[in-house]
Asker: 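The structure's right below; bear with me while I get my questions together.
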Amino acid sequence: RGLEPEWSSDESAVFYRRPLENGDCCGLWRARLDGSENVMVAELPYFLANHSMFDVGENDAIYYNFGDPDTEEIWIATVETED
């Protein structure tokens with residue numbers, strides 16, 4: 001039910017996006033490899049499904065581009081993860 005899966009920086013989980021409950025785009029979710037802890041960890045403001053992409057960097061920093069294709073901006077979001 002999610003889109004664009006990306007490994008966490010330590011490869012212990014997968015981050016993916018899916019629509020918010022109200023239908024807006026997008027929430028960022030994390031699930032452990034065994035399917036546990038499948039939780040939304042952040043909303044991605046200005047993320048547009050047709051124009052935006054995200055990636056996971058060191059320490060699970062989330063990088064994504066601004067949803068307007070005429071705007072050249074990269075946004076960074078750090079999510080808190082429980083170990």
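Just so it is clear, the model here is predicted, and its values are computed rather than measured. Heavy-atom basis, side chains included; hydrogens, waters and symmetry copies ignored.
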Asker: For Arg32 and Ser12, work out which heavy atoms get closest and say how close.
Answerer: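 That would be NH1-OG, 3.1 Å.
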Asker: For Tyr16, check side chain to side chain donor-acceptor pair (under 3.5 Å) against everything at least two apart and list the hits.
Answerer: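 For Tyr16, the residues satisfying side chain to side chain donor-acceptor pair (under 3.5 Å) (neighbours in sequence not counted) are Asn38.
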Asker: Side chain to side chain donor-acceptor pair (under 3.5 Å) with Asp55: which residues, sequence neighbours excluded?
Answerer: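 Listed in chain order: nothing, the list is empty.
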Asker: Consider only side-chain heavy atoms of I, L, V, M, F, W and Y, link residues closer than 4.5 Å, and tell whether Phe15 and Trp29 are in one cluster.
Answerer: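 No, it is not one cluster - the side chains of Phe15 and Trp29 are not joined through contacts under 4.5 Å.
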Asker: Atom CD of Glu6 and atom CZ of Phe54: how far apart are they, to the nearest 0.5 Å?
Answerer: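 Answer for the CD-CZ pair, Glu6 versus Phe54, is 5.5 Å.
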Asker: If you take all heavy atoms of Ser9 and Gly57, which pair is closest and at what distance?
Answerer: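 Taking every non-hydrogen atom into account, CB-O, 3.4 Å.
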Asker: Under 4.5 Å between side-chain heavy atoms, counting indirect links through other Ile/Leu/Val/Met/Phe/Trp/Tyr residues: same cluster for Leu44 and Val39 or not?
Answerer: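 Yes.
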Asker: Of all the heavy-atom pairs spanning Arg30 and Val41, show the shortest one and how long it is.
Answerer: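 Between these two residues, the closest heavy atoms are NH1-CG1, 3.5 Å.
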Asker: When clusters are formed by joining ILVMFWY residues with side-chain heavy atoms under 4.5 Å apart, either directly or through shared neighbours, do Val56 and Leu33 land in the same one?
Answerer: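 No, no single cluster joins them.
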Asker: Between Asn65 and Met53, what is the shortest heavy-atom contact and its length?
Answerer: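 Looks like OD1-N, 2.6 Å.
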Asker: Applying side chain to side chain donor-acceptor pair (under 3.5 Å), can you list everything that pairs with Glu4, at least two apart in sequence or on another chain?
Answerer: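 Listed in chain order: Arg17.
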